[in-house]
Structures are given as C-alpha cells and as structure tokens.
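Sequence lines set the chain letters: A, B, ... in the order given, protein chains first and strands last, and positions in each chain run from 1.
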Number of protein chains: 2
Amino acid sequence: MARPAASAALPSGTSQPSPAAPGGQVATEPGRRAAGGRVPGLPGSPAPLTAGPLAVTVSPVGRQVRVPKTAELVASQLRRRIIRGELSEGDALPPEPTLMTQFGVSRPTLREAFRVLEAEALISVRRGAHGGARVHAPSPNVAARYAGLVLEHRGATLGDVHQASSVIEPPCAVLLAERGSPDDVAALRAVLAEGDSVGEEPAALAAAQAAFHRAVVELTGNKSLSVLTGMLQHLVELTSAPQGHASIAANIREAPARSSAGDEPQRRPLGRTTRLAHATLIDLIERGDAAGAGEHWGRHLAAPGHAVPGGPADGCVLDLLG
Amino acid sequence: MARPAASAALPSGTSQPSPAAPGGQVATEPGRRAAGGRVPGLPGSPAPLTAGPLAVTVSPVGRQVRVPKTAELVASQLRRRIIRGELSEGDALPPEPTLMTQFGVSRPTLREAFRVLEAEALISVRRGAHGGARVHAPSPNVAARYAGLVLEHRGATLGDVHQASSVIEPPCAVLLAERGSPDDVAALRAVLAEGDSVGEEPAALAAAQAAFHRAVVELTGNKSLSVLTGMLQHLVELTSAPQGHASIAANIREAPARSSAGDEPQRRPLGRTTRLAHATLIDLIERGDAAGAGEHWGRHLAAPGHAVPGGPADGCVLDLLG
DNA sequence: GCATATTTGTGCGTATGTATT
DNA sequence: TAATACATACGCACAAATATG
C-alpha cells in the first residue's frame, strides 16, 4: 500500500536460461541443501531431561542428503531475497505467470513454493484484482510458533516458559545497571509512561506490561536475546489468548481503582505493585546498582502474582493447535 | 524402517464427509486461523534497539483475518496429529491417493500441504517404491533456522548469538548449584567423560564441548531454556560449519598433546583449559557454591578463547542462505 | 451491478526415481 | 545384473471463487 511495489524483474540477474535444468530454469546448484534441514538424530526419545546420557550428538562427517524439490529451490531463492532485504516489507511479488516464466517452473510448483513461504509468514498472498503475493519481514512470532510446537510435543507447561523468562531477564537488568546509560533509563521511563497512557482494557494492560519486559531485554542491544524473549512472550500471549486472557488481566490490576490512596490518583491503570516494581527497576538501573537490579527483577519475575493465575501456571502449552 | 508403520486410517475419527466444504471434505472450521501467523506490527523499521519508542504493540480487539487455504488446513491437521504424538517419529503416512480420498482434496493441494510440512521438517517425502511421507519429531533446529533468518535479517552477528548463551547459561549453573543434586553432578561428570572418549577429530570435540554446555541447561529441567539453548547452539554450528569449522576446532584444543605434563597423560583430547573449566564447574556445583558457579561459568563463557576465533566473533549470521 | 484481473482448486498425463524380483 | 512395479515429481489446461475499479 505505502510503496509503489517494485514488482518488476524479480530474479533480475539470474534469469539466463541455464539449459539443462531438471524441469526448467531454476538454478539448480546440486551441492546446496536448500531450505528444509533434515534432522539426523532424535530417533524417538523425548529428550532425556533428568540424568540420562543426554544424547551427545556425535556429528558424523557427512550428513543425510535429501534431494531438493524444485518448489523448495524456488522458495529458497525467494526467501533469500526477502531475508537479505532485496525485497522488503510490503513489496509485491510479480503475478504468477511472470514468476513462472522467470523461474521456469509450472504453476503447481510455484504454488507449492508460495505455500511454504506463506506458512513461514514471509509472504501473504491474496487473490482478486491487484492481489498477489506481498512480502513481510521475518518475525520472531513464527520461530516462536515452531518452538512452541516443539515444547508442546515435549509436554512443556506455561510455567516452564515463564521460568525461562525469569532466567533470561535478570542478567539483562544487571547489564543495564552496569552500563548505566542515561539513554536506557530514559527509554525505560518512556515505556513505563506509555503503559500509563493506555486505557483500562485488559489486553492493552498486558501488552504494556510485556512491552516493558521486552524493553529491558532489547535495550541490552543483544538481538538474539531480544528475539528469544519475543518468542517467549509471543508463546505466552498465544496460549493465554483464547481462554485465560481475562483472568490474566484481572491479575494484572490487583487493586482496580485505588485512586484515593494519595499519590498520583489518576494515571496508573497498570497494576499497582507491578508498576511499582517496574519503576523500582528503573531507579536501580539509574543508580547503577547492578546486583540490586538483578535481584529485584528476579524477585519480581518469581512473584506469584506475576505468573499466570489459576494454580502454579502449569497449563500445557497445547493451545497452539486448537 | 524400525517400526511397521501404522499407515492405515489416518484421519480416523474425522473422515465423515462434512457436506459443504469448499473443495472437498476438509473440516473447514471457519473461525480458526490455521498455521501461518500474520504479523500485525513491524511496518518496516529494523527494530529500534537503542532508545526509540520500542514499538509497544497495542494489540487491537480484532486481528487481521486471512482466508485459510485448503492446503494449510490439510497441513494443520497433519501437523496436529504429529505434535500430539498420534503420529510419532518414523511412522509412514498413507500414500497420496489414500490421503487424497481421506481429506477429499486433489493431489496438488495435498502436495502443497506436503511441501509445507516438509519445510517444517515434520515429514520427509521420498519417492520410489515404499517411498512416501515419513513423520519426524519436531526439533529445535527448525525453530533455530527461522530464528536465524530473523537475526540475519536484523544483521545480528555470531558474537551476538554467543553473548546470548553467555547470558542464559550462568543462571542455570547457579540453579544447579543451589539445588545440589548428586544426580546432576553425576550426569555432568558422565558428559565430561564422554567428551574425553571421543577421538581427536575437530567436529567431535566441538560436539562434545557443546554437549556439556547443553547439559548444564537441560539438567535444570526447564524445557524452554533447553530448546532456546539448542537453537543458539544449532545456529553457531550452522554458520560455522561451512568455513570456520576447522578454525574453531583448532581453537578448542589449545595445547594439542600435552601428554608429558604429568596428570592423566592420555585421556583428555578436549581443550586443556576448556576441560578444566568444565570440571571446575562440576566441583563448584557439587560444593553447592552457587555464586561461585555462576561467576565461574560466566567468566568461562566470556573468555576470548571460548568464542569463535578470528577477531571478536563478529561474522554476520548470514550463512544460513548460502 | 458489471467487467476484469488474479489466485484457487481440480483432473489427468508423463517423467523420474527407488525397491523388489 | 536386468526387468518390473510402485510412488512421487512435474507439467498442461480448465472451471470456480474473489477482490478491485
């Protein structure tokens, strides 16, 4: 919508016909392994977690080869262009006939590639006039969805996911306090204020609270931790969205409207103790109290009111499949 | 191969023809959102990481609806059966004509679903006699591959991934030390001994070292952290496999054969200081020295020799696409 | 409301690869 | 070793649904 959609000349430099391709002019490159990484190990045991031999993957010299299907080759080429930024968010792909001739494949093959990329949320294809495939930036949510599948298959609980966050975030708070950057403090204050400005609807409150936790990790500057934390948060909001949404929100604002308590009567729709804990963390970081920040944030995350309500939050992360 | 492959009656309880399906008897369920989660936010900015507004996703009341394609519905049904364990590792799916009649879809549609599941490494399709689709358990490697795509798109470096591990693992060591379980200590000793028994080939050494780090996290019992750590490890071994493999291994065994130094001359092919650091961690955990274990493990992970060699390990995680 | 462009789903045919005989 | 049967891979062409203008 925003951009005029550079839909022309997709595989621009590589469209020379490369004569002896299997079904067309898809650059075959027989030594590459394309997209879907096969899993050599994991014969069936559900990951020994207590004391077993822990499955030391001995990584043999040559892995299992799998013939790359043509559709996967097409999907890989498009995926690469998206990941490398040659195709950016909102760009429109050429219509199917154009792509068919450019890749030298038939319609079913191209459609298979489309389904793969659509399942990865890298494109979304709508039909009708001015429809077609539009590009989307890769998001941690898809990685989170698949990680959630793995966790669901292993029988992990929602409390398990939450505990992982409580392990990751405190060291980030320590890092921020050690650095002591005024910019970090200002950014955290801004996020906290933004949480005050949202209304009283439960979803917005939960989102604001999550945003603060995310900010603690993202301000660290470590992109991997940011992505991982985003995945964990997405898992929580994904499993708790269908049913437990209202209960979580009810837990967030413990004392619903304590406006007569004295200080700042109106502008704190966020949970009382929650907002206080967030503000305290900012103070500790500003003060440079690394140990205190880490310990405080760890306690805040381990607090019983912070986790999902209704028992010790042991609902299996099974909601991802309905 | 190992199992007789229960290939009959795949969608057993749900094969009643459900009259008014769009193209067949796929259970439509119009309210469900199937597989590919669209991303509402992220208009194009590469994740403000320093001080920006940090994009507080305000989660509106109704998300964007997307018509579920028939192939995605088929893929979702098969995926659900795999994740829930009704189809387990190595099981064979019925041949295409059977699935076509059971799902009431045509072959291209079924093949699109196959490509999606194959890209997710949940099945692997081989052709030829006794070929067909075989089921695989979901592995963190696929989640790692997609998370790697996200990180590569954001320009994350390999050092960034390593730093994430150095944030996650020390708290796990602390947890193990606080718990002080003899089983944990025994398991860690077993993994360490297994690392001694592998040969001298660089790949095996790197795998053994990675296995110890994984054990530290997995013994915690937290499945989310285990999956996340497995993803990070898979990312490093994925990016460093093509070129930097030998250099990493060369870094692992600093003093190649110091067998004349006195203690245990023969059975420590693992790097000298590396093995010592691992053994020291076990001792600290056995002693119950939580603070010491955390600090030691953090130092070990931050050691310059532990990261990838050749500068401060800032190679972009770009190798995932060739 | 109608025309148009676009994807969607389907059927059938041929080619290719794999395991069995 | 060679022939054969089986199962998927890929292609072409047609009908239907859908969103835009």
Side-chain angles (χ1 to χ4, degrees), chain A residues 1 5 7 10 20-26 28 30 34 36 64-75 78 92-119 123-135, chain B residues 1 5 7-8 10 18 20-26 28 30 34 36 64-75 78 92-119 123-135:
Chain A
M1 283 289 182
S7 59
L10 220 242
Q25 55 208 44
V26 173
T28 331
Q64 190 78 15
V65 288
R66 196 178 57 78
V67 231
K69 315 272 192 293
T70 310
E72 289 198 39
L73 294 175
V74 175
L78 287 173
L93 261 56
E96 278 186 348
T98 309
L99 288 174
M100 286 167 55
T101 56
Q102 284 186 349
F103 282 109
V105 297
S106 71
R107 207 176 268 116
T109 302
L110 182 67
R111 285 169 53 74
E112 290 174 13
F114 271 16
R115 290 293 89 76
V116 169
L117 294 176
E118 204 174 21
I123 66 171
S124 70
V125 41
R126 298 187 323 180
R127 58 180 171 179
H130 292 75
R134 253 180 290 279
V135 175
Chain B
M1 283 287 183
S7 60
L10 220 243
S18 82
Q25 55 207 45
V26 173
T28 332
Q64 189 78 15
V65 288
R66 199 178 55 79
V67 257
K69 316 269 191 294
T70 309
E72 289 197 40
L73 293 175
V74 174
L78 288 172
L93 261 53
E96 279 186 349
T98 308
L99 288 175
M100 285 166 56
T101 58
Q102 284 187 347
F103 282 107
V105 298
S106 69
R107 180 143 49 200
T109 301
L110 182 67
R111 287 172 53 75
E112 289 175 13
F114 273 15
R115 289 295 88 77
V116 170
L117 295 175
E118 205 174 21
I123 66 172
S124 68
V125 180
R126 296 191 324 180
R127 58 179 171 183
H130 292 74
R134 253 180 289 279
V135 175

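Between B/Thr109 and C/dT8 there is no side-chain N or O to OP1 or OP2 distance below 4.0 Å. Contact annotation: B/Arg107 does not reach the phosphate of C/dG11 (side-chain N/O to OP1 or OP2, under 4.0 Å). For D/dC6, neither phosphate oxygen OP1 nor OP2 lies less than 4.0 angstrom from any side-chain nitrogen or oxygen of B/Arg127. Residue B/Lys69 places at least one side-chain N or O closer than 4.0 Å to OP1 or OP2 of C/dT8. Dashed line: the shortest gap from a side-chain N or O of B/Arg111 to OP1 or OP2 of D/dA9 is under 4.0 Å. Close to C/dG9, at under 4.0 Å from its OP1 or OP2, lies a side-chain N or O of B/Thr70.
Between D/dC6, C/dA5, C/dG9, one nucleotide has an atom nearer to the side chain of B/Ala129 than all others, and that is D/dC6.
Per the geometry, CG belonging to B/Leu110 stands 17 Å off P belonging to C/dT8, to the nearest Å. One can place CG of B/Leu99 at 14 Å from P of C/dT10, the figure rounded to the nearest angstrom. Taking atom CZ of residue B/Arg126 and atom P of nucleotide D/dC6, one finds them 18 Å apart after rounding to whole Å.
Residue B/Pro108 is classed as a base contact, given a heavy-atom separation below 4.0 Å to a base. Within 4.0 Å of A/Gly131, counting heavy atoms only, lies no atom of the nucleic acid at all. As judged by a 4.0 angstrom heavy-atom cut-off over every strand, B/Glu96 is placed among residues touching the sugar-phosphate backbone only.
Nearer to the 5' terminus of DNA chain D, by closest-nucleotide assignment, is the contact made by B/Pro97 (compared with the other of B/Pro97 and A/His130).
Salt bridge present: A/Arg115 and A/Glu118 bring a charged side-chain N and a carboxylate O closer than 4.0 Å.
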